[in-house]
Structures are given as structure tokens and as C-alpha cells.
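In the text below, chain A, chain B and the rest are named by the order of the sequence lines, each starting its count at 1. When reading the values below, keep in mind they use all heavy atoms of this one structure, side chains included, and skip hydrogens, waters and symmetry mates.
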Number of protein chains: 2
Amino acid sequence: MNLQQLRSVSETVRRGFSLTKVAAVLHTSQPGISRQIRELEDELNVEIFERAGKRLTKLTEPGAAVLPIIERILLDVQNLRRAAQDFTGRDLGHLTIAATHAQARYALPAAVLDFRALYPQVTLNLHQGSPRQVAQMLIEGEADIGIATEALSQYGELIALPCYRWTHCVIAPVGHALLDGAPLQLERLARYPILTYEPGFTGRARIDEAFARAGLKPQIVISAMDADVIKTYVELGLGVGIVSTLAYDEVRDRGLRALDAGHLFEVNMTRLAIRRGTLLRTYVLSFIETFAPSLTPSVVKDALASDVALETVS
Amino acid sequence: MNLQQLRSVSETVRRGFSLTKVAAVLHTSQPGISRQIRELEDELNVEIFERAGKRLTKLTEPGAAVLPIIERILLDVQNLRRAAQDFTGRDLGHLTIAATHAQARYALPAAVLDFRALYPQVTLNLHQGSPRQVAQMLIEGEADIGIATEALSQYGELIALPCYRWTHCVIAPVGHALLDGAPLQLERLARYPILTYEPGFTGRARIDEAFARAGLKPQIVISAMDADVIKTYVELGLGVGIVSTLAYDEVRDRGLRALDAGHLFEVNMTRLAIRRGTLLRTYVLSFIETFAPSLTPSVVKDALASDVALETVS
DNA sequence: TATCCTTACGGAATTCGTAAGCATG
DNA sequence: CATGCTTACGAATTCCGTAAGGATA
């Protein structure tokens, strides 16, 4: 048994059972991959893949049993490298953050600046995507840290830690009727065309819930993935916007006014997620603490240590 | 990086930093081991071992950080093999049980018989030792299951599951004054020379505690590792014995009489332990359930899954 | 001086890629 | 018939054991 065999199996599952693709990804020849897999199967004396003729189609039952163990070994090989790197250069390396637009645009900049000052030698990489894409990147090992308000708690492969709470606000162009000083109510809000986030983004679920609970059917004329797009069209007079309070800036958004809507929609929790079982380098722990001071290294380590599931034979 | 390198490092720590011994254990040459270690250190770019001149003396700080990860990888390689074996021959393999004398002699026989009938093709291996030796065998991976009343809960590397409760009894030769029918009391018991287990064996701690709490200093004339020895000398008239109730058999021990002492000494709990992080084959789970019906496969798996600690960089 | 690890070297085994073969959609 | 996996073969590399070197108790 050797690690290359394990990598071949793992990558074959990831790449949808195409050995040709696996060979490309692992920078080797396709017969090589074929042989690696066959040799591992021979040694373990089980077929890992089901074959339709000569093509691999899916995992066998034994294959499904051994795959999680293989994945864990490969993850630990990474962890081994990381642990060592933390000694060769504690402040040297890469940090890939996956975040939604809302986080990347409004919540992260301060932390990124501080972090760059602390660890100037760490190459920062910021990826933007939907909450599900953020989760996917973490699971695939393509990102070290994921930050989003939605979805992250729903994956068993991830550990999601609470960072901060925030509420929505309603934005309208200067001079809009809603800005007459009267208290903001859901019924009144629902009378205007509304611009807000797409489903699955930045607390949209809480907005829908609130309207549904009140028996209201708001007319959502534009839904976008980010507040900047929403603000643009609100400013053009297409309606009123519902966005995260974080996205409104008095100075920058001179043409708009904001009304707090914390009493209308449920509070949102932004979470930071990491892949279960990954070892975090010192600077990663440091970034996390910079972003959310309550998430000290020891808090994060405890969360990691508390529940790494181990598979047993069915 | 390859698995042989990891094995070399792991074994070097186990064998007290003697590469010569490691080479013998791994059936290879000593320069080979030296090279494996050096190559891993080169690749990780950290020194794993401290060297006094040319001899390895101990782990470096990075070495201590990477060692647990290396151990986990090697354990998972074993787990991988086991998972596969469970498919090639579900009822074929080896089962090594480490147990104390008390367990091997009185508690295990019934379970062993049942198990042999269920899995005639599994080679059973029963090792006997002190509770600490039992624990050591589990930690070293030399035994799959450990059973003892003492010590097993004290090791972070092990998971100890409760099997059954038992109490002590007092044994005396037929015709002994203690057998006059009067209720058994600690004070009266302490007047006779006592034969019981050695410290660290079969509930001896609970016996000492009881006497100490009562302010009594019993005269222990013989302490032994097992009840058979104790019974022999009690029968010869050297004093009264305090042994596990399980060790007394009315029919077999005709020269002796037993008085229940459940009210004098605290109840004992016999535990079954397994090494954290090990995958248990189907027949191992089956044996455990045979021995302690409350420990069903799902109970054991849950216990295994609940708390596998993951190290993070300090 | 004996023990133990490292370095050097040469042979053997392994590994890997190319090319051909063959089955499937 | 094109795609994709397997088999076959030869070359290159890697690996490993023996032998010599050097440091320490």
C-alpha cells in the first residue's frame, strides 16, 4: 500500500470515475492510475469500484466502506505537512478564504487589513461564491476558511462557528414616502416594490419568513446576489431595498437613506466554517481571532477536537 | 512522503530511539531506517529527532507535533486493511483479548465458548496480565480488546466501556469462627489475618478504602494477583480471604464457605476497553456483545465516534 | 574499544510511460 | 467509430542492502 494508490482512489471518486481526468489532475499517465487502483484492490482483496465492462461506474459496498478512511489518511498527510510548515516558517504560507459577497465586501476588509499587517508574508487568497459554493470549497479542501450567513451549518463535513449577529435594514432613495418618520411596519413595506437578495443569500430566508408569517406577499421586483446591485437599482428608483445593515454606509451612500429593520426580520448569524479534521496553522487561527475575537485559538481547537466522527464497519 | 518513512519514525519512538532495533523490527537494514527518517525530515524541512552527535536521543518540538498525526495515519492504514478484510471474509481473522486473571478465569470462559461457536474460523488469542499491562497492550495495538476492573479508565488513548458490576465476598475454611451466622462486619473481619489481591488488582483499592474509612488496619498476610492462589492458602488455614464473588464456586470450592461482602466494600465495575481510533471488525463487535449484552455494536460504535481528539498546532 | 549512526556505492527490484489491445456507448 | 480502460513491454528511476567511515560512551 502506498499513498499514491490512495490518492488515485480518492481522486477517481472526486472526478466522477474518469481515470483519464484523474491522470491529468495527478500529473501522470492514465494506465498508471489504472494500475494504482488495481494494485490497491489486489492488496486489500476487494473491488473498490464497480466496472461496467472496462469503465468504472461507481463505488462497490467495500469501496464505500474504505473511502472515508482513505480520505482521512490523505487529510492527515496534509495535516502532517502543515504541522511541519508551522515550524519551518510560522508566518509563511497561504491562506485561502471563501466568502459570500456580503462578507467579502463589508465584513472582511478590516480583518484582512489587520491580518496583512500581522502576517505580511502569508499569501492571502479571497474567493467569492454562494454559500453553497463556499461550503463546497471547504469540503474539497480548496479553501481553509469559509464565511457566510447561510448554509454552513448544514454540512456534516464542516464545523461552523458563530461570528457575529446582524440585522437587515430598509433602504430607499432620499425623499421616498417611506422616510416620513412613521414607524416602519411590515404591512406598509409590502406595499412598495422590493429589491433584495436572491433566495439562499444573506438572510433572504428570514425576510421571506417574516412576510409569510404576516400573511403578506411582497412584490420582489429585483433579487440580486449582493447589496451593491440592489443599492444601485434602489437609487434608480425601482423600489425599496432590504439589505444587511452592514451594507449601508451613510457617507458613501449619499443618495440613500436607511431605516433599521431589526424588529421586522429575525436576527442573522454569520458563521465561519472549517473542514472537520483539518489542522489549522497558527496564522489561520490568528486570522480567525482577528475576524471574530470571540473565536480564540483555544475555542477553535476545542471545537475541532470535540467531534471528529470515526467510521466503523457497518 | 511514503508510509515506510512514517513507520520508521513511529517505531523509532516506540523502540527508544534505537535505529538498530527499529531495523530488526521492520525487517530491513539499519542504514535503510536512517535514510527513511532523513528523507522525511528533508521533505518536511524539520528535524524530527534530536541528535547527540550521531545518536538519536529524543523528539524535537516539531517532532512531538507531527508524531500524533503520523500515528493516526498508521492506525488508519490498519483500519483500512481491517475494513477490507471484513468484506473478504467476514468471519475470518484474529482476535486478541488482553485480560486480567480474574476475567480470564471467571468471566471470559462463557463468552469465549459462545464466540467460538459463532465464529469458528476466528483465531482467538487470550493474553493475561496486570490491568496496566492490559492497557499497554491495547495502546501498542497488540490486543484488540482489553478487560479489567482497574486502570482502564485512566488512559486517554483508550475508550473504556462498563460491562458489569460485581462485589467482593469473604471466604473462610469450613468451620471457621467467622461462619457462625452473625452478620459480617468490618471490625470483626479485621481481627483475622487477611488474604486478598495485590494493590492494583481486582478491586483491591475498594478494600483498602473501606478499611481506611473505618479507621481499621487489617493485617494482610498474603496478597496475590489472583483468587486461585488466595483460595489455596485460605484453605490451608492462613486466614480469611477477600475475593471477587465470581471467584467462588460452591461445588468446586468444597473446603471453603463464602459470605457476601457487598455491604462492606464498594461495588466494582469491570470495563472493556478498546484503543481510540481503531476500526472494529464485525466479529470483534460480536464478541463484545456476547461478553456484555448491553454493549451492542451500535453502542460501541457511538462511543468510538463520540470523541476522537484531533491535535492542532500548539 | 565497542556501539551505533551516517555516508557511499552497486545491484536489484520497482515503477512508470508509451504503444497496442479491446470493450462499450 | 470514438472514447476509455486494460495489458504488454522496455527504459529509467528508485530503492535497498552491504561495506566503509566517523562519533560517542
Listed partners of [X] passing side-chain hydrogen bond (donor to acceptor under 3.5 Å, both in side chains), at least two apart:
X        : value
A:Gln154 : none
A:Gln4   : A:Arg7
A:Glu157 : none

field: Side-chain N or O of A:Ser29 closer than 4.0 Å to phosphate OP1/OP2 of C:dT18
entry: no
To the nearest Å, how far apart are [X] [atom1] and [N] [atom2]?
X       : N      : atom1 : atom2 : value
A:Gln4  : C:dT14 : CD    : C1'   : 14 Å
B:Ile37 : C:dT7  : CD1   : C1'   : 16 Å
A:Gln5  : C:dT14 : CD    : P     : 13 Å
A:Glu50 : C:dT24 : CD    : C1'   : 17 Å

- line: Across all chains, not counting sequence neighbours, the ring pair (Phe, Tyr, Trp, His ring centres under 6.0 Å) partners of B:Phe201 are none
message: Using the ring pair (Phe, Tyr, Trp, His ring centres under 6.0 Å) criterion, which residues pair with A:Tyr283? Sequence neighbours excluded.
response: none
- prompt: In degrees, rounded to 10°, what is the bend between the two ends of the helix from C:dT1-D:dA25 to C:dG25-D:dC1, using five pairs at each?
  reply: 40°
field: Summary of protein contacts for nucleotides 4-15 of chain D, nucleotide by nucleotide, where a base hit scores B, a sugar-phosphate-only hit scores S (4.0 Å, heavy atoms)
entry: BBBB--------
- prompt: Which pairs count as side chain to side chain donor-acceptor pair (under 3.5 Å) when at least one residue sits in residues 45-55 of chain A, sequence neighbours excluded?
  reply: A:Glu41-A:Arg51
task: Just call it for A:Gly53: base, sugar-phosphate, or nothing, with non-hydrogen atoms closer than 4.0 Å on any strand.
output: sugar-phosphate
query: Considering residues at least two apart in sequence or located in another chain, which fulfil the side-chain contact (heavy atoms from CB on, under 4.5 Å) criterion with A:Leu92?
result: A:Gln121
message: Between B:Glu43 and A:Arg81 (salt bridge meaning N to carboxylate O under 4.0 Å), is one present in this structure?
response: yes
